[in-house]
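Remarks on the structure that follows.
In this text, all values refer to a predicted model and were calculated from it rather than measured experimentally. Chain A is the first sequence line, chain B the second, and so forth, proteins listed ahead of strands; every chain is numbered from 1.
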Protein chains: 2
Amino acid sequence: MQSANTHAAYCLATYRCYDEKADFHKKALGIAVGLTVGSWTDLPDARKAEMEKHLGRVVQVNVHEPVADEPASGRYADIQIAYPDVNFSRDIPALLVTIFGKLSMDGRIKLIDLDFSDGFRSAFAGPRFGIQGVRDLLGVHDRPLLMSIFKSVIGHDLTALREQFYQQAAGGVDLIKDDEILFENPQTPIERRVEVCMEAAAQASKETGQKLLYAANLTGPTFGLIEQAKKAINAGANALLFNVLAYGFDALSELSRHPDISVPIMAHPALAGAYYPSPYHGIAANVLLGKLMRLAGADLVLFPSPYGSVVMPREENMAIKEALLTDAAAPLKRSFPVPSAGIHPGLVPLILKDFGSEVVVNAGGGVHGHPMGAAAGGRAFRQAIDGCLSGTSLRQYAADRHPELQAAIDAWGLKE
Amino acid sequence: MQSANTHAAYCLATYRCYDEKADFHKKALGIAVGLTVGSWTDLPDARKAEMEKHLGRVVQVNVHEPVADEPASGRYADIQIAYPDVNFSRDIPALLVTIFGKLSMDGRIKLIDLDFSDGFRSAFAGPRFGIQGVRDLLGVHDRPLLMSIFKSVIGHDLTALREQFYQQAAGGVDLIKDDEILFENPQTPIERRVEVCMEAAAQASKETGQKLLYAANLTGPTFGLIEQAKKAINAGANALLFNVLAYGFDALSELSRHPDISVPIMAHPALAGAYYPSPYHGIAANVLLGKLMRLAGADLVLFPSPYGSVVMPREENMAIKEALLTDAAAPLKRSFPVPSAGIHPGLVPLILKDFGSEVVVNAGGGVHGHPMGAAAGGRAFRQAIDGCLSGTSLRQYAADRHPELQAAIDAWGLKE
């Protein structure tokens, strides 16, 4: 790295660039200069002295030459560039446009990592609640949490919604989230929906003795999001679901720090598949669903699990987990990882092995499709979690007077 | 297609799905049902009658079987699904989350086309000015427009900015845009920047006798964008540049229809390369930079040209052009296509052949790097445009007392 003044004054972006013939060192220098001061070698010395603080720096260039028989596209380099904080305002749009605005269109290039300077990070509040805050709200500190997702409720009325909510809640789930494709509609507008669902939550709480967070889907016009959130909260919503990528990270960042939006925000990964899956283009999942979500203040972050129907490779899941939990991002609070899709009780041992106890086990079909009904589905998951924590084999735990878990294992199997 | 009630009540999404073995018809049905009512075949008949209006429909499934020697990934299907408008609110986030939220993460699938129902489209105002309105503001109706881009101005002061602006303007360009990576900064805050640049514009106008639009970069916190836009406009900005994809399409949509933001908005494609280049993932350029930009109200849309340094295939450029100009999207006004990057005067014949006269010729290095200076660069482009419209060969036109054009052709060549 050229003499960067202090490490703290630069944000570091790492790109993977594929090219059969490129001089990657030259390309790296072109990025570092082109996306900051524009030109460098032609500047007079006096001007260089003034401009040096604005100049991007090449931190490293690791070239991977293809081995025999590997296709030509196997030649790539990981290029890390340091961008001076002084060049952009302290918001995520400015950072992303700087480091990957024009560059995203420049051939086979993917943004694979991003490190915020302390100075840049200090402009963000991060998650208002974080893992600890969500646990405090629920009063649950000794086990992974359990969430259940409304199954499709488009075209349903409030009575049906309430019943579905109650059935999920009765099984002992900690969180319930709206379907992310449920928008404002005449049958179940957000205030009425929140009202009846929170009634159902209260009813279930009396029976289960536990608390429950309901994440209502925050939707509609961008500049009305704060009012819409307040409407939901005034109606009793004690959490919000937000399709972050449809609105940009800054909207989340501003919502999460708004004084009137004093409930946990759950980030949905809708549209994320437009960015992360290609090896050659886009933004890697650990940046998109990990680092940026935490910086922007998501208390919980959903992402496709490696276990079920919508599959993300396990190492990408682990990179997201690391980004959401690492102490390196302190003082930002930690965000709850919520690996999602295709989860059934028999996968709980795998989830806990991969994620430890700071995880939300998130079930859709695994609750609603349980052979004994949704409430039994919730119980089966809680039994699976308790069974794992007890240290006995889950198969044995199920056989030992846990019929709901047994039924789930019979239906969907068990991976230990 | 199953019996969809009326065509007008559905938005149509077309996906290209790659899969070596999938039953694409089954997959299509899974999408149509899964992203709308959730389940169908199990519903009682009475419930089906109630839910039918919410049910997605498979419009078509065109399977492309790979031919001999084509790699396995060559097997794909283009699947078109009709989504009932009644399922989502009339905003772009709701539409995108519905049609490509979860689905974007489901294997190799790319959103390649999108057709709005008349009802959905009617909720949008589209471009406030459009091509005609921008031409009226400039008083130029008989030729393609010419735009020039500030070269990197990070670290420059107001005096340097003013001088660069004046030099560009003096050559006869119609529009000048900020660098998209110029954010709020102490040296050139937006009000002061607009003030001095509009002074320079006035000075140049006296000399050239023509009008000029200056698109100031609209940046900063999402919920402050309207105030920031007003600040720029109050300082004299007569156009705005906006990094749409960093904020989401809805922000553009709301800005473009806001009563106090009565200037053309130019959409920058920053971050677009995270979406469109992969054949297997993301959102195709005609949707991202064409249909959605026009719907959301961009008066001018920048995108990577097929001619220069940042390359997009020509057929994708033509699809964007079609989306921005087609009468099929009426009553939405037409948006100006602005193919960008690597443009020099010798490419003007190609640009006009591809785009016709409703295009903005957009130059960066082709103006600033002209051997005789930036003002001469502007004149060279204007000469190239006039030469093309005159019907003579550009080489002859240059030789015939147009030394700026001649110098440009000598420096960068000519493609006719």
Part of [X] within contact of chain A (heavy atom distance under 4.5 Å):
| X | result |
| --- | --- |
| B/Asn185 | neither |
| B/Leu111 | neither |
| B/Arg90 | neither |
| B/Pro269 | both |
| B/Asp250 | both |

Min side-chain heavy-atom separation [X]-[Y] under 4.5 Å:
| X | Y | value |
| --- | --- | --- |
| B/Phe223 | A/Thr222 | yes |
| B/Leu271 | A/Phe100 | yes |
| B/Phe183 | A/Asp91 | no |
| A/Met105 | B/Tyr276 | yes |
| A/Tyr247 | B/Pro93 | yes |

*asked:* Give me the atom names and distance for the closest heavy-atom approach of A/Ser104 to B/Ala272.
replied: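 In terms of heavy atoms, the two residues are closest at OG-N, 3.7 Å.
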
*Closest non-hydrogen atom pair between A/Gly273 and B/His281, with its separation*: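 Closest heavy-atom pair between A/Gly273 and B/His281: O-CB, 4.0 Å.
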
Mind checking the [atom1]-[atom2] spacing from [X] to [Y]? Nearest 0.5 Å is all I need.
| X | Y | atom1 | atom2 | answer |
| --- | --- | --- | --- | --- |
| B/Ser152 | A/His54 | OG | NE2 | 12.0 Å |
| B/Leu302 | A/Lys102 | CG | NZ | 10.0 Å |
| B/Ile154 | A/Thr98 | CD1 | OG1 | 6.5 Å |

*What part of A/Leu103 lies closer than 4.5 angstrom to a heavy atom of chain B: side chain, backbone, both or neither?*
neither

*Between A/Val97 and chain B, which part of the residue has a heavy atom less than 4.5 Å away: side chain, backbone, both or neither?*
both

Which one, [options], leads in non-hydrogen pairs under 4.5 Å with chain A?
| options | answer |
| --- | --- |
| B/Pro277, B/Ala246, B/Gly220, B/Ala251 | B/Pro277 |
| B/Asn87, B/Ile283, B/Leu225, B/Val37 | B/Asn87 |
| B/Val153, B/Leu96, B/Ile181 | B/Ile181 |
| B/Ser39, B/Gly282, B/Gly248 | B/Gly282 |

Counting heavy-atom pairs under 4.5 Å with chain B, which one of [options] comes out on top?
| options | answer |
| --- | --- |
| A/Pro221, A/Pro186, A/Gly34, A/Gly38 | A/Pro221 |
| A/Met51, A/Glu254, A/Glu184 | A/Glu254 |
| A/Thr219, A/Leu245, A/Thr36, A/Ile109 | A/Thr36 |

*Relative to the ring of A/Tyr275, is the ring of B/Tyr275 parallel (under 30°), tilted (30 to 60°) or perpendicular (over 60°)?*
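The arrangement is tilted - the two ring planes meet at 30° to 60°.
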
